[in-house]
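Read through the structure below, which is laid out as structure tokens, and then see the notes.
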2 protein chains.
Amino acid sequence: MPTLRPDTAPGPLPPTGAVDVPETLGYRVKNRVLGPPLDTDQLENERLGIPTGLAVFSSDCISSSAYATEEILRVLVPVVGLAAFSLVVPATGMMLVVLFFLILSYRQTIKEYPTAGGAYMVTRDNFGMVPALVAGVSLLIDYVLTVAVSASAGAAALASAFPAFAPWLLPLALFFIVLVAFGNLKGVRESGKVFSVPTYFFMVMMAVVIAVGLFKMITGGLHPQSIHQKGMIDAGSEGGGLFLGAGLVVFLHAFASGGSAMTGVEAISNGVTAFRKVEWKNARRALVLMGMTLGTAFLGLSVLSTRVHAVPYEDGTPTVISQIGKQVFGESMLGHTGFFMLQAATMLILVMATNTSFADFPRLASFAADDNFLPRQLRRRGHRLVFSNGILALAAVAAVLVVVTGASVARLIPLYAIGVFTSFTLSQAGMAKHHITRREPGWRWGLAVNGVGAVLSAVVDVIFAAAKFREGAWIVIVLIPVFVVVLVRLNRQYARDDALLERDAEAAVADPILRRHVVLVFVERLDRATARAIQYARALMADEMRAVHIAWDRTAADRLAREWVRLGLSRVPLEIVDCPDRRVPRGALEVVAAELSGGDTEVSVLLPHRNYRRFWHRFLHDNTADEIAEAVGRLEHANVTTVPFTMGSPGRVHAGAPR
Amino acid sequence: MPTLRPDTAPGPLPPTGAVDVPETLGYRVKNRVLGPPLDTDQLENERLGIPTGLAVFSSDCISSSAYATEEILRVLVPVVGLAAFSLVVPATGMMLVVLFFLILSYRQTIKEYPTAGGAYMVTRDNFGMVPALVAGVSLLIDYVLTVAVSASAGAAALASAFPAFAPWLLPLALFFIVLVAFGNLKGVRESGKVFSVPTYFFMVMMAVVIAVGLFKMITGGLHPQSIHQKGMIDAGSEGGGLFLGAGLVVFLHAFASGGSAMTGVEAISNGVTAFRKVEWKNARRALVLMGMTLGTAFLGLSVLSTRVHAVPYEDGTPTVISQIGKQVFGESMLGHTGFFMLQAATMLILVMATNTSFADFPRLASFAADDNFLPRQLRRRGHRLVFSNGILALAAVAAVLVVVTGASVARLIPLYAIGVFTSFTLSQAGMAKHHITRREPGWRWGLAVNGVGAVLSAVVDVIFAAAKFREGAWIVIVLIPVFVVVLVRLNRQYARDDALLERDAEAAVADPILRRHVVLVFVERLDRATARAIQYARALMADEMRAVHIAWDRTAADRLAREWVRLGLSRVPLEIVDCPDRRVPRGALEVVAAELSGGDTEVSVLLPHRNYRRFWHRFLHDNTADEIAEAVGRLEHANVTTVPFTMGSPGRVHAGAPR
């Protein structure tokens, strides 16, 4: 056992020696299910080139194209009917303008904050803690929503290919969440192999459907599907005869629903360090490619939807993208194959997209916990080096959301994207301030880009919040400040506790010991566990020692007293305390408190503990000892010791001279 | 504090002194909801005269008449149609013959076992443990069924008066169970006042409905209700043209369903001690009165049902008794009042009937736990002197049964009464053996009575089991032996544990102490809680003492080591143990195991514990200390001590000379 004397410097340490104590069942199960534990040293990231880097970080962002067009149509169709198909492309175009500026802005962020470019870090750096918390809370909320939306959309993609799954959207979405959470608990690395397949598969299928669709559209081979099938949302009758003002409101609402496509744009800026050198340059290129992919897919699908007359369904399936796929690929054998491949790719990338949140949420939560704004349990890396508690928390909250909304993307969308744009605004504004403060070469251009980015994000955020306010956005608007207040209070609590714990700590270490040390052995009956406790009690060589029995059953107490007399245990007097209300823990507490009342006394409370062989045997026996420990442990200077006796242990250890 | 030296005899003991430690929230809530705690001395029963004694003990038995006729008809009507009304009175008559012999038999039991006349006790006395367990398990099962059946029938009675309640049978039945369980946790005594009202109210209403009904029947004023309403069970078309053999089977099945009326006959024999002197004489008279009341009500209702053509409904409401009431009382204002009063009385006595089980089940369970056949937690009297754990267990199991069967009396009846008749058989056979063994004056008469009772009970029990086998009786027939086996194994486990614990215990008390005592203080960081633990560690004056830090985070470990050096804590060396897999509890276990490996060593493991002011603060902090305690406590001679430090405690205690 290596002992580090205070005068030696801490060097490399040998690991603890292996001992012959069996592992617990829980640990063996964990080892079997999750794989062997990983050592802290194994915490390394593989470095990614641009193609794999793009695959790893873009699934969240690119996958949004699978539902963004649909959510725009869901707003437009009921109000303006067929005119929706003339408005969906302009709404998409407006969104792409926003996307353009976001990409420009994040190119700046990547360069200036190549190690920790998350909104929380950038905002904390430039504006301090409270704005950073607003950004952090906004992101955490949107990570939860990303998981809920993507899992639900993935389920809808599957059910659009196989309508038999339509009634099982909720269990399917929950299954996806559990699956990805499990993979993350196992510590699936952000490895290129895993991610490249679905991401590039989706990109290829998107390219195919858009290319074939546009070709057919130009050559006149793409026809609208027959309108008014059962379950489609009803088209409004106004036709386009809306007043200008009302029309603008509807249009902005549609624009806001399409904004869900922008989530995930920040992912690359969070993971710059994962790229090969020069990191920020590679990350920037990946960012631009990601933006172009998203833009192409989103715009392409919106254009095709106008021709196909794809209309959202009340219950979410079949999806708009599947309607487009069906019309584009047609009824031929090859066409059917193409359709099913498109749905498979969509489902895969949506499930992958939840993974981005599972990587980012626990990491961000651990940053906040490092700063004492979230419970400290979130800092601890688990069995496989991942932040297990963060993963479990994210999965649980997302699952609740999915259950509450019945795995309906349409019901989740109004809550979505507001958090992301709040964090965009704060981090871009932070960048702008950064440029002003530092005035490094090229700062003017940077200021212009990030300034425009910040203003644009703020405007979009306000539009989103206003347009979707009544449908659920208000929940997010209320939750963000509430969580910030809770987090600040939590932080103050931690600070207070730490101050209390640290005040005079260094002096307290040298405190003289108390004058009197009393050992009390709480005895329920006379058996070997009790004998073991008495043996230990004598080893403590205190100033005073006695056994105490709290008599909740007079007959048993009398029997114990008689046994005590018979054995002539003169060295250990027995005190029997009447306990008419049968509250043994309270009785014990009162005995100990009386002992402590003089001050200047250290009481060791010894509780014989019987270790049973099988865990369920525990339930067959009283847990009075635990209750006593809990009650007595509230008193200062009442030190509760559990003296273990293992049932069926190999016999008594006889050794040492009697003292 | 009174100390009982081993050489003094145990005399009366003063109670523990009051100390200035606040009560826990849980206790304050319990005090508010259940009332102040009762002292063990307050465990006294009021003594009852015959009228109140009858009221207290007969609700279970008499209330059976509310559903027994209905369950007979439910068997007969679908098979023989209108001929059912010619068979219901004979089936009832046969049941009354059985009742007559049961009453005769229990008169014997009451005289011979005036203090503990339950089937478990009588059987244990005469046949030994395993038959006693069969009787005990049978009774426990039937107590559960009594609660489920009575609560469900009570709900049906309410819904028959107010059809709006018909969809709410299940929640109503659960509400009744919770209500009675709560009353029992509060410690409602078997007080005459509470019980007399519903019992006598029901008796009066029964007398009225039967008297008026028979009068109208004789004078020709009672007419059949119109047959074939919606929801009535379909009448069979055979009309009485069954073959003799098949007819006998149906008749015996009907008889078996009516047997549910016999449950509760044993209640008075369990509570003889509650009667005024001479107890057994008063109990006997009450028993005869109870039998006569049940017989009259049961027979009267069966006779009236034949005239009214009362037919059970599929979903249990309206009940047969309510159909009889409606026809007997008629449509006048007075008639309506009578009808509602009848339903109210029925509902009240049924709810009361569950109370009998709530008194008997926990008592019987505590007897079995005294004999080490059930978990020992069932022996402990709670806050209000009742066996709280038994009450909660009964309520939980009965609630599950009610949920599973959807509060349907018809579905519960096939499980019912088999357990009761098994225990009747065993206890009557036990009585017969008792007479043969003792040969006290009049033993021949007693032997005859109990012998006939035992044989009759056995025959009836076999008929019940066979007739209702496929509808659910098999469950009970399987469960009884399974539970008996489980209980016997549990008993052996306890015996083995006790043997292990008690072997050499007396010698072990005098064991010499071990040669070496090592104190290890597990340290996470340097704060006042750690300082407190070090102060206590020094007070133990062990042979060796050191602080141990399990380094799951190297940065924190280095910081701690530097602080230790800076403070020059020479008396307490710090050992830093590397822990690459971040499993702090396992690391601690290995350190302690290495220390113990030489044998002959007592290790005191000290864990600084921070007592936070509010209970939820606990969740904000790691529970690593608890995990260490759990892991290390599996090692023999590893004594885990929690050294408490209360956050915001009034400051350090400075006293005593440094040692």
Side-chain angles (χ1 to χ4, degrees), chain A residues 1 3-6 10 13 15-16 19 21 37 39-40 375 500-502 505-506 508-509 511-515 517 527-528 531 535-536 538-539 558 561 564-565 567 573-578 580-581 587 590 593-594 600 602 620 633 636 639-644 646-647 649 655-656 658-659, chain B residues 1 3-6 10 13 15-16 19 21 37 39-40 375 500-502 505-506 508-509 511-515 517 527-528 531 535-536 538-539 558 561 564-565 567 573 575-578 580-581 587 590 593-594 600 602 620 633 636 639-644 646-647 649 652 655-656 658-659:
Chain A
M1 223 24 61
T3 298
L4 184 80
R5 296 284 158 177
L13 300 163
T16 52
V19 289
V21 181
D39 279 2
T40 314
L500 266 171
L501 279 165
E502 273 152 26
E506 304 188 353
V509 171
D511 271 355
I513 61 176
L514 304 194
R515 197 178 301 134
H517 180 201
D527 62 10
R528 285 186 61 197
Q535 186 194 24
Y536 175 69
R538 285 159 49 218
D558 291 349
W564 217 265
V565 172
L567 291 175
L574 173 68
E575 174 187 359
I576 291 186
V577 180
D578 206 14
D581 62 358
E590 288 176 357
D600 199 13
E602 198 83 70
L620 307 180
E636 196 78 348
N639 309 284
V640 179
T641 305
T642 302
V643 184
T646 303
M647 303 293 297
S649 66
R659 299 195 245 193
Chain B
M1 215 32 55
T3 298
L4 187 79
R5 297 284 159 177
L13 302 163
T16 53
V19 289
V21 181
D39 280 1
T40 314
L500 266 171
L501 279 165
E502 272 154 25
E506 304 189 352
V509 170
D511 271 355
I513 61 176
L514 304 192
R515 197 176 301 132
H517 180 201
D527 61 10
R528 286 186 59 195
Q535 185 194 25
Y536 175 68
R538 285 160 49 220
D558 292 349
W564 217 265
V565 172
L567 290 175
E575 175 185 1
I576 291 188
V577 179
D578 205 14
D581 62 358
E590 288 175 357
D600 199 12
E602 197 84 66
L620 307 179
E636 195 79 335
N639 309 285
V640 179
T641 306
T642 303
V643 185
T646 302
M647 303 291 299
S649 65
R652 291 184 281 144
R659 302 193 245 193

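Side-chain atoms are counted along with the backbone in the values below, which use heavy atoms only and exclude waters and symmetry mates. Chain naming here is simple, since letters A, B, ... match the order of the sequence lines and numbering starts at 1 in each.
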Checklist outcome for this item: Residues B:Asp511 and A:Arg538: closest non-hydrogen pair is O-NH1, 2.8 Å
Checklist outcome for this item: Nearest heavy-atom contact between B:Asn639 and A:Val643 is OD1-CG1, 3.3 Å
Item to check | Residue pair B:Pro644 / A:Gly633: nearest heavy atoms and the distance that separates them | outcome: CB-O, 3.4 Å
Checklist entry - Looking only at heavy atoms, what is the nearest atom pair of B:Glu636 and A:Thr646, with distance? => result OE1-N, 3.0 Å
Checklist outcome for this item: Which of B:Thr642, B:Val640, B:Thr641 passes side chain to side chain contact (heavy atoms under 4.5 Å, CB included) with A:Thr641? It is B:Thr641
Item to check | Minimum heavy-atom distance between A:Arg528 and B:Leu500, given as atom pair plus value | outcome: CD-O, 3.7 Å
